[in-house]
> 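Please read through the structure below; I'll follow up with questions.
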Protein chains: 2
Amino acid sequence: MISSTVENYLKELFLLDPRSEKQIATGELAKVLCVTPGSATSMIKTLAQSGLVEHRPHYGVKLTEQGRNLAVHVVRRHRIVELFLVNILGMDWGEVHDEAEQLEHVVSDDVITRMDELLGHPTHDPHGDPIPTPEGEIPERSLQLLSFCNEGDNVAIARIGNQDAAFLKFAEDNGLLLGASIEIKHRNDIADSITIQSQGKEVVLGLAAAGRIEVEDV
Amino acid sequence: MISSTVENYLKELFLLDPRSEKQIATGELAKVLCVTPGSATSMIKTLAQSGLVEHRPHYGVKLTEQGRNLAVHVVRRHRIVELFLVNILGMDWGEVHDEAEQLEHVVSDDVITRMDELLGHPTHDPHGDPIPTPEGEIPERSLQLLSFCNEGDNVAIARIGNQDAAFLKFAEDNGLLLGASIEIKHRNDIADSITIQSQGKEVVLGLAAAGRIEVEDV
DNA sequence: TGGCTCCTTTTGGTTAGTCAAAAGTTTACT
DNA sequence: AGTAAACTTTTGACTAACCAAAAGGAGCCA
């Protein structure tokens, strides 16, 4: 049996590098998992023994094919649960993450399949992140940072990279919801700002903030 | 934080004696939890130190007020989850128990509240067992064993005590579903049988089987 | 009262996961 | 090249939960 601790290590490795190309530093992994570096090292060693990661001491760690596969399924469970909590149980975008964090380790594949069906086989979760398929494929979209858009572009909001509650509230208050279609009115590199129109309302954003919002061409 | 192991010990103590009146034997508790008696003893000792149970060495163990309270809430979570899996996700009566066994330890009160709402504040789960309220009250019904009913009685099926899959299938096939109203046609103590009519169909049951079915006067 | 059986408790050992602090590497700068 | 800073690994120790097997009551029957 695979413990939830192991699932968390694998999941975070995946989230830090979805393609599993880079060597992730022990300390970085330790930080996101809120454990000491020493704890991470020893867990990495046992993961390596099980063939779930490849460990080059002092250089870093990387998921193996097998490890990545497990991780992807944890992420699938997490995102389906999140979407389920929001769409079916009516919970808030902000409060579902921690809940899903727990549930992802105990819900069976059967339950996930049924939730998936009830949700209509969604491809992306409430944060705009892709939901891996049961086979482990990750649906790709060609996203672009809002900060790279040009005047006149018509795009739809696909993902908000900043999980900060205040930022999410600001986005929500200004109609910058997932799927909302917006038009780029002005772009001023000198003033470091971009002006967009969403649902008739004009909003001015700094380019740094715009860099946290990903959009899809429509 | 209270571990799921502790929750399981408390829950099983509650299920073995819902009123928490008797002293439960260590060995009995160990058996339902599938642990050795020694393991049970040592956990009982730590539970006693936390004030969750009262332990009289060599005589038995009993939930305290506080322990029973926690146990009742675990049971509430379990039963609401079960009902949710059956009614909302369309799972089978038989397959939800193990799933709920896992989920009961991780779902938050918020999620339970929302499920409860979605289900219409049910008072009993798919097995006919009562669902404790958020305050810990246990809705009582005055149930009677089908084997004690007399000719002419009109009753509704409230609970099936036998969890055996074959028995459940037999019951289902003969229209003996939760809530179904039936009439007692004949009762023959010599032949040890009882004849009932449900939805026009007559079914003959041995009194032993009838003793596993509980009914409510209508 | 002794002895027998059944059950409970104790004892000693294991595993997974953690931390704190010591020891060892790498890198980067002079 | 030499050294300090930054990071990683090792070491030793802890906790929760478990098991197997030895030791310790309790009740019963002669």
> Using a cut-off of less than 4.0 Å, is there contact between a side-chain N or O of B/S39 and OP1 or OP2 of D/dC18?
no
> Using the side-chain heavy atoms of A/P37, tell me which of these nucleotides is nearest: D/dA17, C/dT9, D/dT9.
D/dT9
> If the cut-off is 4.0 Å, is B/Y59 near the phosphate of C/dT9, judged by side-chain N/O to OP1 or OP2?
no
> Roughly, in whole Å, what's the span from CD1 in A/I44 to P in C/dG17?
14 Å
> Look at B/Y9 and D/dA16 and indicate whether a side-chain polar atom (N or O) is within less than 4.0 Å of OP1 or OP2.
no
> Check whether any side-chain nitrogen or oxygen of B/H55 sits under 4.0 Å from OP1 or OP2 of C/dT8, and answer yes or no.
no
> Looking at CZ of B/R77 and CD1 of B/I131, how far apart are the two atoms once the value is rounded to the nearest 0.5 Å?
14.0 Å
> Between D/dT8 atom P and A/K31 atom NZ, what is the distance in whole Å?
9 Å
> In whole Å, what is the span from the CG atom of A/L33 to the C1' atom of C/dC19?
15 Å
> Roughly how many Å is it from NE2 in B/H58 to P in D/dG27, rounded to a whole number?
11 Å
> Would you indicate, yes or no, if D/dT9 has its OP1 or OP2 atom less than 4.0 angstrom from a side-chain nitrogen or oxygen of A/T26?
yes
> Would you check if there is a donor-acceptor pair between the side chains of B/E82 and B/H78 at a distance under 3.5 Å?
yes
> On the nucleotide D/dA17, are OP1 or OP2 found under 4.0 Å from the side-chain N or O atoms that B/S3 carries?
yes
> Does OP1 or OP2 of C/dG17 have a side-chain N or O of A/T5 closer than 4.0 Å?
yes
